[in-house]
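Remember, predicted model here, so these are calculated numbers, not experimental data. These numbers come from the heavy atoms of this one structure, side chains and all, not from hydrogens, waters or symmetry mates.
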Amino acid sequence: MVRKGRLSVQDLERIKPNVYNISTPSKKWIVKSYGNKKKVRFLWEITSVLNAQKGFLTAPFVPFPSGDKVLENEGKWWCLMPFIEGESLTFSSSRDRLAAVSALHQLHDVTEGMKVSQQVNRPSYLTRMEKRLAKFLKTREIFFQYGHYPLYSRIKQLCVHAFRQMEQVNWDVIEDRSKNNGHWIHGDCASHNFIRQGDDIYVIDLDLMHQAPYVLEWLQLAQRFLYASQWSFHSLNESFTMRQYMKSPYFQRGLLFPGDLLREWIFFLNRKPASRRVEHMLNQMQTDWAKRERFVKELMTVI
């Protein structure tokens with residue numbers, strides 16, 4: 001792959017199984033592979049659109065030195081991006097939380113109405129959360145095995161209650177509206193996907209970008225803010241955007257459902273962790289859950 005792309009590699013670091021940090025004599029690069037060619041075409045298209053927007057900063061796809069946009073190797077399609085120097089944002093920092101909100105507003109503004117030829121469709125939000133809950137319920141025996149069955153019961157109880165609350169609002173209405181209006185969200189607003197470089201903020205890793213209601217972006221970001229700030233309401237109220245969305249029944253009910261915890265737990269188990277790591281994860285989950293429950297009690301007074 002490196003030879004095909006004519007990259008003069010001085011150093012190579014594996015970040016993930018499909019992501020490599022490569023140093024050449026003149027520059028650092030990220031080389032990333034995908035298992036779906038349609039997804040690659042879609043990402044090439046949207047990064048090209050974003051790179052043409054003044055003021056918005058991201059890591060666009062660029063051709064390899066060979067001139068190839070994409071290199072195919074053993075059923076994987078490899079793409080090249082410049083490495084963005086800087087520091088990831090930290091959501092425990094008020095300054096960084098506000099910077100992330102501002103960067104996402106900018107992303108939403110520059111992509112509103114964006115047309116692409118390669119569309120990647122995703123199931124509805126409610127469908128995704130229902131499947132996530134079903135996967136969590138199948139892990140019941142793990143909690144029992146490590147002596148954390150009461151924690152499983154408490155999580156299950158909130159999930160079932162919160163999912164019923166979510167079913168009381170019509171998600172199809174806002175999802176259809178977002179598609180008609182051409183609203184796009186990043187879809188993976190983790191702190192490491194925002195890079196501070198001096199006074200600039202780069203938004204990277206657009207792999208999960210798709211058309212969806214903006215409320216889903218702010219919901220995911222709010223859950224990450226809350227986790228990083230020890231489940232403090234203040235971390236939401238300091239941002240005008242979050243304060244406004246707190247009035248939305250979609251936001252309120254989505255915030256009640258612990259989709260973020262289910263996502264991280266399932267992702268953790270998929271890596272087939274050692275027994276001691278499972279025990280550590282469950283102990284941490286126990287501590288975090290107590291804080292979340294206090295937050296939920298406050299939230300229930302709003303809904």
Regarding [X] and [Y], is there a side-chain donor-to-acceptor distance under 3.5 Å anywhere?
| X | Y | result |
| --- | --- | --- |
| Glu217 | His108 | yes |
| Asn283 | His148 | yes |
| Ser235 | Ser232 | no |

Pair [X] and [Y], ring centroids less than 6.0 Å apart:
| X | Y | result |
| --- | --- | --- |
| Trp218 | His105 | yes |
| Phe295 | Phe233 | yes |
| Tyr152 | Phe136 | yes |
| Tyr34 | Trp77 | no |
| Trp265 | Phe143 | yes |

Within the structure provided, determine whether [X] and [Y] are in side-chain contact (heavy-atom separation under 4.5 Å).
| X | Y | answer |
| --- | --- | --- |
| Thr111 | Met209 | yes |
| Cys159 | Leu262 | yes |
| Ile22 | Asp11 | no |
| Glu130 | Met166 | no |
| Trp29 | Val62 | yes |

Taking all non-hydrogen atoms of both residues, which atom of [X] and which atom of [Y] are closest, and how far apart?
| X | Y | answer |
| --- | --- | --- |
| Lys28 | Ser23 | CG-OG, 3.7 Å |
| Ala100 | Leu221 | CB-CD1, 4.5 Å |
| Ser178 | Glu175 | OG-O, 2.7 Å |
| Leu236 | Met242 | O-CB, 3.0 Å |
| Gln220 | Cys189 | OE1-N, 2.9 Å |

- Message: Working note: Ile30 + Val19, criterion side chain to side chain contact (heavy atoms under 4.5 Å, CB included); need CA distance, chi angles, decisive distance, verdict.
- Response: CA-CA 7 Å; Ile30 295 292; Val19 185; 3.9 Å; yes
If we ignore hydrogens and angles and just use 3.5 Å, is the side chain of [X] paired with the main-chain N or O of [Y] as donor and acceptor?
| X | Y | result |
| --- | --- | --- |
| Asn181 | His183 | no |
| Arg132 | Gly259 | yes |
| His192 | Leu89 | no |

- Step-by-step side chain to side chain contact (heavy atoms under 4.5 Å, CB included) determination, Met246 to Leu255: CA-CA 9 Å; Met246 278 299 295; Leu255 205 53; 4.1 Å; yes
- Run through the side-chain heavy atoms of Ile, Leu, Val, Met, Phe, Trp and Tyr, join any pair under 4.5 Å, and report what else lands in Ile195's cluster.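 Hydrophobic cluster check, Ile195: joined to Leu57, Ile84, Tyr202, Ile204.
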- Task: May I have all residue pairs that pass salt bridge (Lys or Arg N to Asp or Glu O under 4.0 Å) and include part of residues 268-294, sequence neighbours excluded?
- Result: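 Sorted result for residues 268-294: Arg154-Glu293, Asp260-Arg292.
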- Using the ring of each side chain (for Trp, its six-membered ring), is Tyr20 parallel, tilted or perpendicular to Trp78, with breaks at 30° and 60°?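 Aromatic pair Tyr20/Trp78 classed tilted.
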- Could you tell me how the ring of Trp171 sits relative to the ring of Tyr250: parallel (under 30°), tilted (30 to 60°) or perpendicular (over 60°)?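 Trp171 and Tyr250: perpendicular rings.
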- Message: In this structure, would Ile185 and Val49 fall into the same cluster of hydrophobic residues linked by side-chain contacts under 4.5 Å?
- Response: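 Same cluster: Ile185 reaches Val49 through Ile, Leu, Val, Met, Phe, Trp or Tyr contacts under 4.5 Å.
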Take atom [atom1] of [X] as the centre, draw a 6.0 Å sphere, and report whether it contains more than 12 heavy atoms from other residues, nucleotides or ligands.
| X | atom1 | result |
| --- | --- | --- |
| Phe83 | CZ | yes |
| Gln284 | CD | yes |
| Glu87 | CD | no |
| Arg164 | CZ | no |

Nearest-0.5 Å distance, [atom1] of residue [X] to [atom2] of residue [Y]:
| X | Y | atom1 | atom2 | answer |
| --- | --- | --- | --- | --- |
| Met281 | Phe268 | CE | CZ | 5.5 Å |
| Leu43 | Met81 | CG | CE | 8.5 Å |
| Lys32 | Lys76 | NZ | NZ | 12.5 Å |
| Thr58 | Leu50 | OG1 | CG | 6.0 Å |
| Glu238 | Leu98 | CD | CG | 4.5 Å |
| Leu299 | Phe251 | CG | CZ | 9.0 Å |

- Query: When you look at Arg140 and Tyr149, which way does the side chain to side chain contact (heavy atoms under 4.5 Å, CB included) test go after all the steps?
  - Reply: CA-CA 8 Å; Arg140 171 181 176 274; Tyr149 189 76; 3.4 Å; yes
- Task: Evaluate side chain to side chain contact (heavy atoms under 4.5 Å, CB included) for Leu133 paired with Phe257, printing each intermediate quantity in order.
- Result: CA-CA 10 Å; Leu133 175 56; Phe257 185 79; 4.2 Å; yes
- So, are Lys39 and Asp207 salt-bridged, with charged N and O less than 4.0 Å apart?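 Looking at Asp207 together with Lys39, the answer is no, because their closest N to O distance does not fall below 4.0 Å.
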